[in-house]
Asks: 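The following block contains the structure, expressed as structure tokens.
Order of the sequence lines fixes the chain letters, A, B, ..., with proteins taken first and strands second; residue numbering starts at 1 for each chain.
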4 protein chains.
Amino acid sequence: MTEIKVAVLGAAGRMGTQTCAAVEAAEGLSLVAKLDKGDPITTGSLSGAEVVVDFTVPSAAEANVHAVLDAGAHAVVGTTGWDDASRGRVADHLDRINAGRSDGGLGVLIAPNFGLSAVLAMTLAAKAARFFESAEVIELHHPDKVDAPSGTARHTAAAVSAARAKAGLPASPDATETGWDARGADVDGVRVHAVRLRGLVAHEEVLLGNPGEQLVIRQDSFDRSSFMPGVLVAVRAVVGRPGLTVGLEHVLDLT
Amino acid sequence: MTEIKVAVLGAAGRMGTQTCAAVEAAEGLSLVAKLDKGDPITTGSLSGAEVVVDFTVPSAAEANVHAVLDAGAHAVVGTTGWDDASRGRVADHLDRINAGRSDGGLGVLIAPNFGLSAVLAMTLAAKAARFFESAEVIELHHPDKVDAPSGTARHTAAAVSAARAKAGLPASPDATETGWDARGADVDGVRVHAVRLRGLVAHEEVLLGNPGEQLVIRQDSFDRSSFMPGVLVAVRAVVGRPGLTVGLEHVLDLT
Amino acid sequence: MTEIKVAVLGAAGRMGTQTCAAVEAAEGLSLVAKLDKGDPITTGSLSGAEVVVDFTVPSAAEANVHAVLDAGAHAVVGTTGWDDASRGRVADHLDRINAGRSDGGLGVLIAPNFGLSAVLAMTLAAKAARFFESAEVIELHHPDKVDAPSGTARHTAAAVSAARAKAGLPASPDATETGWDARGADVDGVRVHAVRLRGLVAHEEVLLGNPGEQLVIRQDSFDRSSFMPGVLVAVRAVVGRPGLTVGLEHVLDLT
Amino acid sequence: MTEIKVAVLGAAGRMGTQTCAAVEAAEGLSLVAKLDKGDPITTGSLSGAEVVVDFTVPSAAEANVHAVLDAGAHAVVGTTGWDDASRGRVADHLDRINAGRSDGGLGVLIAPNFGLSAVLAMTLAAKAARFFESAEVIELHHPDKVDAPSGTARHTAAAVSAARAKAGLPASPDATETGWDARGADVDGVRVHAVRLRGLVAHEEVLLGNPGEQLVIRQDSFDRSSFMPGVLVAVRAVVGRPGLTVGLEHVLDLT
């Protein structure tokens, strides 16, 4: 098996440093370039990289992806801050580039979350949701987090809600008359509770209930190192997936 | 060991029936009278019972306790609906009766919850609370419950809050800026979250957090049968505890 | 939508009684016959049932299925005690019957477990297993259970093990040198722990671990009523699934 | 309030470094000396410290404690490797020193575990154990651990077992006939299960069960930083506790 050549943008940052180490340690991947702020992104500076991983800053990410594509490489993007407009521009750019290619073309994978356990919890909960009468989400984080509920919990609740709607399920039963402030936020009809506790990092539970039974899918992210397996999955997958993909769940084959 | 003679009021009701069976099966207790709606409560009808257990209705419970005391027996009360005024009248009545006795006198134990796991969860959480920076409560019930959060969760949060205050702890850290609707109800400064899920009965978790560690005390009430061990603890304890006691936790020796 | 006509064998038994009630309450199904021990199984006695549910006894189940097929109906079987030989005879019988039909033919669905949460926990854990370095299973049951670990836990561990092997994963890391008796049973290389605790019914947890993260899939069966949603899923599915199917997981569309 | 002056032995080690930082940040404590391997332990080198914390190596700890006592200071010891003989010698030395003092004398606190959540889990489980028919322990650790079950789990099971025995409880019910290898290690009659999973650090669950109810006490140690609150509790407590104390639980006032 020939190795996939990988470059990292933002290589000196916290996530970039870990990515460089993870790529170097991974079977079948080789790290060929480490770029940071101010370094030009060109065919030359990327040293023949086939996949470029971007862990930079929101203000730079879109331009970086365009430069990576112009240099003929696939892109895996962990930098956050993408909106529909910037995603649309990348998709258009990809279409133009791939139109002239006979090999399927380049791919861009933007992942708001590389945590395998988090992405799997969301995806598996959505698969199971249509079999249950009730569904709620609890997310638990460190107390320095400023927003509630977490983006991951919002996505999870939305995915669970969509799966329920598609299956024609009515709303989860709820006889609550008093005390709605204890019942969490309503995200597309799914109640989401946010716990903030010193000592925790990032955790999520999806609770699904039927008469006499319960299914709970829980994930714990204890540490940033937990993102690396997901980054490696993305690097290996993007090579065979032309066009724009948003979300790691689309490259996890769960069928 | 001589047996404790027990009578049950509301003996034909759901809880009364279980109490009769539990007393009959218990070592050291004997069931001497089963009374129900309309039956007079007298020395005669109680057949020499030393302890009378009341599982009737809120409108009858206070009068029942007065009659039990007048008949010279101790009372264990599981019927809910007590307010400060009715508790005060029972306490006064007890004082008058016990004043004229050299043996310590009669006892009344009113317990809003006979679930040992629920009472222990609350009590142990309160003992542990002062050692932790953060504290939150999650209660989980069947979706037919009309109030949130549960009374047990409110009591638990209040006990945890009081223990924190006594130890001079500041508020739990919380950087939340947006999304307060996901952060649960504020009960004396402790956040309480209420989950409603088909299949569940009555469950509670107290989460306590410090840098790098967490203590979770969880209790599950799967079934009404779970109240009987607590009723038996109460029957055995009330004999040696003159005066009014509110809460099963006071007769569980946890020191 | 025309209703599916359903008959129940073992209708007076514990599971049969619940099945009759569940079918009668279900949308799109109608209960047309209730048979019990000694009742003949014929086109006439089945009153035109398209699907027949068998909750009888191991010694009767195979003969019942043959009779159901001869009467031209699909079968859903919850009775346990099937071995390879009896499954093989049913499969052969089905082949002969279906060979002469242009409509796809009859189906038989044998399910050792109708608990949706149990079947989903096993299936989802197997889907997720290949993304994690470590995997273990904990099953928790009431203390009157005579065998350990539970059949469900064995199946789950085997499914997780197979998924890991297919993905080329090495054994879960384990530096244990002393105390192997605390490390559970080895089922195809996956450690399985059995807890026996008064108050519990049937519960299972699959723990999957990577550096810095964990995914836990837990299911709770609190009550036998929890099997009914799975029975209804089976009844609706068997109509469109000719031939022999073993395991409810094959008719849950989780893609 | 005058500050307690604290010195740290093994100040350059992993735990020592954290202890120095924790003492410096703590209200009411001041760090007056940092000693490491080779530094003499004398009144002079300790700079007037009233409490000396030892995080060195098993081979040095006993001699260190004797030197600390000779210098007139209290000792808090986190270094492991103590046996009955070395504890006995320290106790004797303390008796001789304290005999000639009118102020109560010096104290030594040896703590095998400074994790508050771990110590509390053990202590609270032991308090609750006598109210439940069944008890089991699950401990979960990273897969590089060589021994099973963990020392903390063994202590917990022993404490639970002792509490059950004192209350006259029979053995936990267990009908297991086959599959004992899944039922965990037997520690004083309490079953202890050891899970080893990549991503975990050190976690423990005590499960207590009665008919229809369960109490679960769980603790998570995510990080070594979690030991510092316990170290500070010990430093503050040892000043008022003459003689030898083994175990942090004895200075946590849980009544």
Asks: Give the member of B:V206, B:L124, B:N210, B:D223 that has the highest number of heavy-atom pairs under 4.5 Å with chain D.
Replies: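 Ranked by heavy-atom pairs under 4.5 Å with chain D, first place is B:L124.
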Asks: Could you tell me the separation between the CD atom of D:Q214 and the NE2 atom of B:H203, rounded to the nearest 0.5 Å?
Replies: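 The distance works out to 10.0 Å.
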Asks: Looking at D:A118, D:S225, D:G115, D:A202, which has the largest count of heavy-atom pairs under 4.5 Å with chain B?
Replies: D:S225
Asks: If you take all heavy atoms of D:L116 and B:F131, which pair is closest and at what distance?
Replies: CD1-O, 3.8 Å
Asks: Give the minimum heavy-atom separation between D:I217 and B:L215, together with the two atoms involved.
Replies: CG2-CD1, 4.1 Å
Asks: Measure the CG-CG distance between B:L207 and D:D220 for me, rounded to the nearest 0.5 Å.
Replies: 9.5 Å
Asks: Please report the shortest heavy-atom distance between D:S226 and B:G212, naming the atom on each side.
Replies: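 Closest pair (atom of D:S226, atom of B:G212, distance): CB-O, 3.3 Å.
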Asks: Does D:K127, at its NZ atom, have more than 12 non-hydrogen atoms belonging to other residues, nucleotides or ligands within less than 6.0 Å?
Replies: yes
Asks: Quick check for you: among B:R218, B:Q219, B:E133, which has the greatest number of heavy-atom pairs under 4.5 Å with chain D?
Replies: B:R218
Asks: Quick check on the interface: out of D:A128, D:P229, D:P211, D:G209, who has the most heavy-atom pairs with chain B under 4.5 Å?
Replies: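 Among the listed options, the one with the most contacts to chain B is D:P211.
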Asks: Could you walk me through whether B:E213 and D:L120 pass the side-chain contact (heavy atoms from CB on, under 4.5 Å) test, one step at a time?
Replies: CA-CA 12 Å; B:E213 68 172 349; D:L120 285 166; over 6 Å; no
Asks: So for D:F132, is it side chain, backbone, both, or neither that comes closer than 4.5 Å to the heavy atoms of chain B?
Replies: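 For D:F132, side-chain heavy atoms alone lie under 4.5 Å from chain B.
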Asks: Near B:K5 NZ, under 6.0 Å, is it more than 12 heavy atoms from other residues, nucleotides or ligands?
Replies: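 No - once you tally the heavy atoms of other residues, nucleotides and ligands closer than 6.0 Å, there are 12 at most.
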Asks: Given that the side chain runs from C-beta out, which part of D:L208 has a heavy atom under 4.5 Å from chain B: side chain, backbone, both or neither?
Replies: neither
